[in-house]
Protein chains: 2
Amino acid sequence: MADPISAPGGRATLAKVAERAGVSLKTASRALSGEAYVTDETRSKVLQAASDLDYQRNSAASLLASGRLADSIGLVSGGFTNPFYSALAQAVEDGVRNQGMHLSVANSDESPEKERLVTHDLADRQTKALIVVSSMTDHAEYRQLQARGVPVLFVDRPAVNLEADSVVFDNQEGGRLAAAHLLAAQHRRIAFVGDYAWLPTYRSRIEGMASVLDESSAEWQSLVRPDAHSITDARARVGELLAMREPPTALVAGNNRILLGILEELSPVPVADRPAIVAFDDVEWARVLGITVVAGETDVMGRRAAELTVARLADRTRQTEQVVLPMRLTNRASA
Amino acid sequence: MADPISAPGGRATLAKVAERAGVSLKTASRALSGEAYVTDETRSKVLQAASDLDYQRNSAASLLASGRLADSIGLVSGGFTNPFYSALAQAVEDGVRNQGMHLSVANSDESPEKERLVTHDLADRQTKALIVVSSMTDHAEYRQLQARGVPVLFVDRPAVNLEADSVVFDNQEGGRLAAAHLLAAQHRRIAFVGDYAWLPTYRSRIEGMASVLDESSAEWQSLVRPDAHSITDARARVGELLAMREPPTALVAGNNRILLGILEELSPVPVADRPAIVAFDDVEWARVLGITVVAGETDVMGRRAAELTVARLADRTRQTEQVVLPMRLTNRASA
DNA sequence: TCGATGTATGACATCGCTGTCATACTGGCA
DNA sequence: TGCCAGTATGACAGCGATGTCATACATCGA
């Protein structure tokens, strides 16, 4: 009755399994990895021994010996509760897997400290390259990782102060599209409720809007409300705007969560009195609810990021590439 | 001027870097991994050599030599486009990281073949344990992986024909809650639009509903519509139901995507004429839209799954555990 | 001037596994 | 019977890094 063996000096190794099964190291290896040329009897003896000893193959040793190289790419983002990131993760996973590699994910919670932590952690362990949606405002410190041979690619937000590949949307164009659309619909008081003001995406969108609105007669500068990171924050900003003596006639939501906050805050307002809405990010429920959106293609972004990363892994000397993907306005009922 | 060295026989190794820098293997190792006791001069020589040679540390060798063990856990699900899975992934990642390990993700697209593919792929490579939302109806084949020393834990859908840990919701209870709620609101024609009929979650929910409705006077058996996997499918099922001579007065949505399909199909219907809705899964936009939902706590599910997996890694001999998490009805405006 | 201490480096074994090659046995066929 | 092809197994080296221990040099206080 197979004594359970309570770790008599650490994990069981293949050698111990082989010994217990009464076969050679190599035969045990064969049996465990399902190779041919092993009798059923031998195989089951080995399997039994392995199970008795609670054997777990040491994958590092296995990879090393077989010459296969570890093949993970790491993705760091603000967390999958945001559908934008999860769609991105999906696309990246797809791309990475198509290139025969694996995706490890980690979550920064949009905190620079946590980002630093998890990127190093990933780099120290199995990961050969990093794809990151960064929450830092300066990326000089990433040079360290690059020097250690871990290429880093920035998605959604470009690298600042660092030479690196990146894939982002043309957020200025996005801002322009949103502004022009509302302007054309005769709106003259246009508000923007956005996420953190330090986000490059935030800034670019504002710049884009400015380029259209500043030369119009519309009022908007005074109606910009940043730092609506949570739904609750967004609601507060919207409440504030609606309470103005002359409330905006149109609202631009900086992302899908903000849109949710807007909708929640607007729900008691009679439909006829609601301001027009244009939101950044396209998500399924926005389509169903008929919200006009400005967005780029997340899956293209993810796929390109994966491709570029693999390409760089294959050739470190290539020039860094800055991919800028277009944004489009999809007109629906809300504006 | 550092000749780029175009792979003269594969990747550069530490040995080559050391040679080029004119130092010993060990010194090079120290320099690259930031250990103490290296002169700045030496360190920069090594760094330069590494960069010249395009050196990437072989993480397998590193892990093996240092005795640290590879530490990834794999998560296989139907893909992050479904917010339920992404919320789950988020929670699992959190739990796994708290235990000092990493999460690798893979996507089965709800296909048994792809599931087989990616689970083996993960197991062969870096992963020590697997957490899977399975799309198979029988899990006997997972015994193979278990025998190879890779524990498997099933989330959301229980293991069939296999002894394994699992964490699921009490879907029967969920079905009962939904049915009882609608019954109490005087509904007598209650429809259920669900995902694939082979899903254990589907079946349990139906069973739960049956246990309440079968002994009532309500009509429902003829109003069950399975296989609404996509939003489009869901719309079609709903359209069919609404076109009946005596359409249902209440709709139960099997998950959040189906709810979306229902809402889309219902959008042309005057609000006053819309059927009551109860949906499974709780997502943010459902809260904002005031949809009554039946759901369990996804983050608890993810966290428990991570904990259990790590626990099993630590002790293979423990009894398998079947965790059943409660479901709750959150009453909002839609029913 | 001489140990004592601390810093910088190197030699070498070693981690646990798999690839290669050699060996032994089996059955079928000329 | 003898040979060959196919099957089953084992011995052994080596994957590429790091830990351990030894060594060499510099600095410092007595």
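Quick note: numbers below take in every heavy atom, side chains included, and nothing from hydrogens, waters or symmetry partners. The chains referred to below are lettered A, B, ... by the order of the sequence lines, with proteins before strands, and numbering in each begins at 1.
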**Q** Are any of B/Thr42's side-chain N or O atoms less than 4.0 Å away from OP1 or OP2 of C/dT9?
**A**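 True: B/Thr42 side-chain N/O within range (under 4.0 Å) of C/dT9 OP1/OP2.
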**Q** Specify the separation, in whole Å, of atom CG of B/Leu53 and atom P of D/dG16.
**A**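 In whole Å, D/dG16 P lies 14 Å from B/Leu53 CG.
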**Q** Let me know the distance between CD of B/Glu19 and C1' of C/dG10, rounded to the nearest Å.
**A**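 After rounding, the reported distance stands at 15 Å.
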**Q** Would you say the side chains of A/Ser24 and A/Thr27 form a donor-acceptor pair under 3.5 Å?
**A**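 A/Thr27 and A/Ser24 do have a side-chain donor-acceptor pair below 3.5 Å.
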**Q** Once you round it to whole Å, what is the distance between P of C/dT9 and CZ of B/Arg43?
**A**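 For the pair B/Arg43 CZ and C/dT9 P, the rounded distance is 10 Å.
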**Q** Decide yes or no, distance alone: a donor-acceptor N/O pair under 3.5 angstrom between the base of D/dG19 and the side-chain of B/Arg30.
**A**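 Result: no qualifying N/O pair found.
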**Q** Nearest whole angstrom, please: distance from the C1' of C/dA8 to the CD of B/Glu35.
**A**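 So the CD-C1' distance, B/Glu35 to C/dA8, works out to 12 Å.
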**Q** For A/Ser33, which contact category applies under a 4.0 Å heavy-atom criterion: base, sugar-phosphate, or nothing?
**A**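 Result for A/Ser33 = nothing.
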**Q** Just N and O in the side chain of B/Ser29: are any of them under 4.0 Å from OP1 or OP2 of D/dT18?
**A**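 Checking B/Ser29 against D/dT18: at least one side-chain N or O falls below 4.0 Å of OP1 or OP2.
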**Q** Roughly, in whole Å, what's the span from NZ in A/Lys45 to C1' in D/dG10?
**A**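 It works out to 13 Å between those atoms.
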**Q** What's the spacing between B/Asp156 CG and B/Leu88 CG if we round to 0.5 Å?
**A**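 Spacing of CG (B/Asp156) from CG (B/Leu88) equals 7.0 Å.
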**Q** Taking only side-chain nitrogens and oxygens of B/Ser24, does any of them come within less than 4.0 Å of OP1 or OP2 of C/dG10?
**A**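 Yes, B/Ser24 has a side-chain N/O under 4.0 Å of OP1/OP2 on C/dG10.
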**Q** Taking atom types as modelled, find out whether B/Asp94 and B/Gln90 have a side-chain donor-acceptor pair closer than 3.5 angstrom.
**A**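 No donor-acceptor contact under 3.5 Å links the two side chains.
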**Q** How many angstroms lie between CD1 in B/Ile73 and CD in B/Gln99, if you round to the nearest 0.5 Å?
**A**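 Here the rounded value is 7.5 Å.
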**Q** What does B/Leu63 touch in the nucleic acid at a heavy-atom separation under 4.0 angstrom: a base, only the sugar-phosphate, or nothing?
**A**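 B/Leu63: no heavy atom of the nucleic acid under 4.0 Å.
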**Q** Report yes if a side-chain nitrogen or oxygen of A/Thr13 is closer than 4.0 Å to either non-bridging phosphate oxygen (OP1 or OP2) of C/dG16; otherwise report no.
**A**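 So the side chain of A/Thr13 is outside the cut-off, no N or O lying under 4.0 Å from OP1 or OP2 of C/dG16.
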**Q** Respond yes when some side-chain nitrogen or oxygen of B/Ser66 is under 4.0 Å from OP1 or OP2 of D/dG19, and no when none is.
**A**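 No, B/Ser66 has no side-chain N/O under 4.0 Å of OP1/OP2 on D/dG19.
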**Q** Measuring from the side chain of A/Leu64 (C-beta onward, heavy atoms only), which nucleotide among D/dG16, D/dG14, D/dT9 has the closest atom?
**A**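 Output: D/dG16.
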**Q** Distance check needed: C/dG16 P versus A/Arg68 CZ, whole Å only.
**A**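 Nearest whole value for this atom pair: 18 Å.
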**Q** Any side-chain N or O of B/Tyr55 under 4.0 Å from OP1/OP2 of D/dA17?
**A**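 For D/dA17, OP1 or OP2 has a side-chain N or O of B/Tyr55 closer than 4.0 Å.
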**Q** Would you indicate which nucleotide in D/dG19, D/dA17, C/dG16 comes nearest to any side-chain atom of A/Asn58?
**A**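 That would be C/dG16.
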**Q** Can you work out whether A/Val23 or B/Ser62 has the more 5'-proximal nearest nucleotide on DNA chain D?
**A**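 Nearer the 5' end of the strand: A/Val23.
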**Q** Quick one: A/Leu14 CG to C/dG19 P, roughly how many Å, whole number?
**A**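 Rounded to whole Å, this separation is 12 Å.
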**Q** Rounded to whole Å, how long is the line connecting atom CG of A/Leu25 with atom P of D/dG10?
**A**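 Spelled out: CG on A/Leu25 to P on D/dG10 is 10 Å.
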**Q** Report yes if at least one side-chain N or O of B/Thr27 is closer than 4.0 Å to OP1 or OP2 of C/dG10; otherwise report no.
**A**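 For C/dG10, OP1 or OP2 has a side-chain N or O of B/Thr27 closer than 4.0 Å.
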**Q** Taking everything shown except A/Glu19 itself, do over 12 heavy atoms lie less than 6.0 Å from its CD?
**A**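 For A/Glu19, atom CD is not crowded (no more than 12 foreign heavy atoms under 6.0 Å).
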**Q** Heavy-atom nearest nucleotide on DNA chain C for A/Lys26 versus B/Tyr37: which residue maps closer to 5'?
**A**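 Per heavy-atom nearest nucleotide, the more 5' residue is B/Tyr37.
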**Q** Can the ring centroids of B/Tyr85 and A/Phe80 be said to lie less than 6.0 angstrom from one another?
**A**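 For B/Tyr85 and A/Phe80, the ring centres are not under 6.0 Å apart.
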